[in-house]
Amino acid sequence: MPTAVVVIPTKNEQASIAAVIEEVRSSLRVLHYDRIEILVVDDSRDATRERAEAAGASVLIGGGEGLGSAMYRGLKAALAFEPDIILSIDGDGQTAVREEIGRFVAAVTQGGADLVLGSRFKESGLVGYRYRFINRVGTRILTYMLNRKTGLDLTDSHGGIRAMVPVVARELEMIGTHTYVQETIIDAVEKGFKVVELPSAWRMRQHGNSRVVGSIPRYIFYTLPVLLLRSGHHMQTLYMLGLSLIGFAFLYFFFILYQEDFSLRLAHRTPGLVLIALLVLAGMQFFFFGVLLQLVTQIKRAVDRGRVSPPLLGSSAERKATKERHASNL
Ligand SMILES: Nc1nc2c(ncn2[C@@H]2O[C@H](COP(=O)(O)OP(=O)(O)O)[C@@H](O)[C@H]2O)c(=O)[nH]1
Ligand SMILES: [Mg+2]
């Protein structure tokens with residue numbers, strides 16, 4: 001009995017949510033899914049929740065910490081249904097679900113993709129309205145940073161529809177709360193999953209306001225620190241800085257000894273010795289700060305994994321496949 005779970009994040013989408021749920025359900029029925037679960041992850045103050053429930057969806061509280069945490073919760077919760085495929089679709093009706101969902105599902109079920117992303121710029125004419133210049137440039141910058149980090153050749157990261165094999169959601173670890181779209185791609189690539197991009201049309205919003213792409217410059221501001229943290233460069237930098245300072249202190253100490261003909265009567269060199277002590281202290285601080293950061297990162301990863309209770313951890317064959325991917329990706 002093939003099961004599909006669709007995660008729909010919503011923030012004040014009362015005008016569109018019922019129609020989106022209906023469109024998703026009828027389109028998946030055509031694709032012969034017997035069990036279709038719609039999981040709305042909601043942070044609304046309007047009637048989105050009631051309307052989603054009336055349309056037959058399960059509604060999960062988003063947590064009020066941005067799209068990233070809402071999607072994280074939704075994707076992890078989707079695993080409880082033991083799905084064959086997970087999709088995520090925006091709840092604002094900007095995606096042409098009926099026309100496109102089949103291609104996204106097929107890329108996973110027949111094309112061997114693990115994570116399929118919608119791109120509004122892969123072909124011309126996909127964006128059905130005048131898209132603000134600043135956002136176009138911002139999206140370019142974001143996609144460029146993402147491609148540099150992942151080695152992929154994406155044209156967009158913000159499409160309104162995605163499909164994935166459940167193990168991508170199961171393995172997902174995130175640092176940021178607002179950087180869902182980029183971080184999920186980086187995470188999937190790090191774990192050796194096959195990421196594929198398909199063209200996807202983008203309609204104009206009929207109701208409400210865009211929040212994510214509505215503020216691309218602010219979005220970049222949120223994304224940069226996360227990209228930096230995920231790269232792990234900050235830890236390497238701290239280790240290197242710590243070791244360099246300590247190394248420099250030792251060199252300077254030997255230089256002083258050399259100047260004093262290796263005599264240990266160094267009372268008159270107090271300023272130099274104080275400097276050496278300070279360098280060693282600072283070096284140790286940097287080094288241990290790096291160790292602490294590494295520990296915190298590891299604990300965060302363990303907590304992320306622990307959030308999925310054991311019965312939901314999937315078949316051992318699936319876990320073995322993931323491990324192999326990790327290994328071949330090293
Ligand atoms: N749960 C939740 N959903 C959100 C949040 N921010 C945006 N969304 C939803 O995520 C989807 C995409 O958001 P939108 O603002 O349209 O982004 P854009 O189309 O990329 O500009 C929509 O369905 C929104 O309702 C949030 O903070 N929490
Ligand atoms: Mg939108």
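Keep in mind it's a predicted model, so treat the numbers as computed, not measured. Both ligands and their constituent atoms are indexed starting at 1 by order of listing.
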Original post:
Is the shortest N/O to N/O distance between Asp42 and ligand 1 below 3.5 Å?
Top reply: no
Original post:
Has ligand 1 got any nitrogen or oxygen that is less than 3.5 angstrom from a nitrogen or oxygen of Trp202?
Top reply: no
Which side-chain N or O atoms in residues 235-250 pair as donor and acceptor under 3.5 Å with protein atoms at least two apart or in another chain?
residue	atom	partner	partner atom	Å
Thr237	OG1	His233	O	2.6
Tyr239	OH	Gln294	OE1	2.5
Ser244	OG	Met240	O	2.5

**OP:** For Thr10, counting its heavy atoms only, list the atoms of ligand 1 lying under 4.0 Å from any of them.
**Re:** 1 (N), 2 (C), 3 (N), 25 (O)
**OP:** Check whether any heavy atom of Arg205 sits under 4.0 Å from an atom of ligand 1.
**Re:** yes
**OP:** Could you point out which residue of Leu198, Thr155, Leu117 forms a side chain to side chain contact (heavy atoms under 4.5 Å, CB included) with Lys122?
**Re:** Thr155
**OP:** Consider only side-chain N and O atoms of Ser16 and Arg205, and report whether a donor and an acceptor are under 3.5 Å apart.
**Re:** no
Original post:
Looking only at heavy atoms, is any part of Lys11 under 4.0 Å from ligand 1, and if so is it the side chain, the backbone, or both, or is it neither?
Top reply: both
**OP:** Check each atom of ligand 1 against the heavy atoms of Glu13 and keep those under 4.0 Å away; list them by number with element.
**Re:** 22 (C), 23 (O), 24 (C), 25 (O)
Original post:
Would you say His158 and ligand 1 have an N/O pair spaced under 3.5 Å apart?
Top reply: no
Subject >> side-chain contact (heavy atoms from CB on, under 4.5 Å) between Glu190 and Lys149, intermediate numbers included >> reply: CA-CA 10 Å; Glu190 275 177 5; Lys149 171 87 187 90; 3.9 Å; yes
Original post:
Out of Val5, Ile36, Val6, which residue meets the side chain to side chain contact (heavy atoms under 4.5 Å, CB included) rule with Pro83?
Top reply: Val5
Original post:
Of all N, O or S atoms in Asp92, which has the smallest distance to the Mg ion (ligand 2)?
Top reply: OD2
Subject >> Which of the ligand 1 atoms, numbered from 1, are nearer than 4.0 Å to a heavy atom of Ala70 >> reply: 1 (N), 2 (C)
Subject >> Listed once per pair and sorted, the salt bridge (Lys or Arg N to Asp or Glu O under 4.0 Å) pairs that draw on residues 258-271, sequence neighbours left out >> reply: Glu260-Arg269
**OP:** Indicate, as side chain, backbone, both or neither, the part of Pro9 found under 4.0 angstrom from ligand 1 when only non-hydrogen atoms are considered.
**Re:** both
Original post:
Would Arg51 and Glu13 pass as an ion pair if we require N to O under 4.0 Å?
Top reply: no
**OP:** For a side chain to side chain contact (heavy atoms under 4.5 Å, CB included) with Leu28, tell me which candidate from Ile85, Ile38, Val97, Ile101 qualifies.
**Re:** Ile101
Original post:
Taking the non-hydrogen atoms of Gly62, is any one of them nearer than 4.0 angstrom to ligand 1?
Top reply: no
**OP:** Just jot down the ligand 1 atoms closer than 4.0 angstrom to any heavy atom of Asp92, in number order.
**Re:** 16 (O), 19 (O), 23 (O)
Original post:
Taking heavy atoms and a distance under 4.0 Å, where does Tyr180 meet ligand 1: side chain, backbone, both or neither?
Top reply: neither
**OP:** Check each heavy atom of Val41 against ligand 1 and say whether those closer than 4.0 Å belong to the side chain, the backbone, both or neither.
**Re:** backbone
Original post:
With no hydrogens and no angle check, do the side chains of Thr48 and Gln14 hold a donor and an acceptor under 3.5 Å apart?
Top reply: no
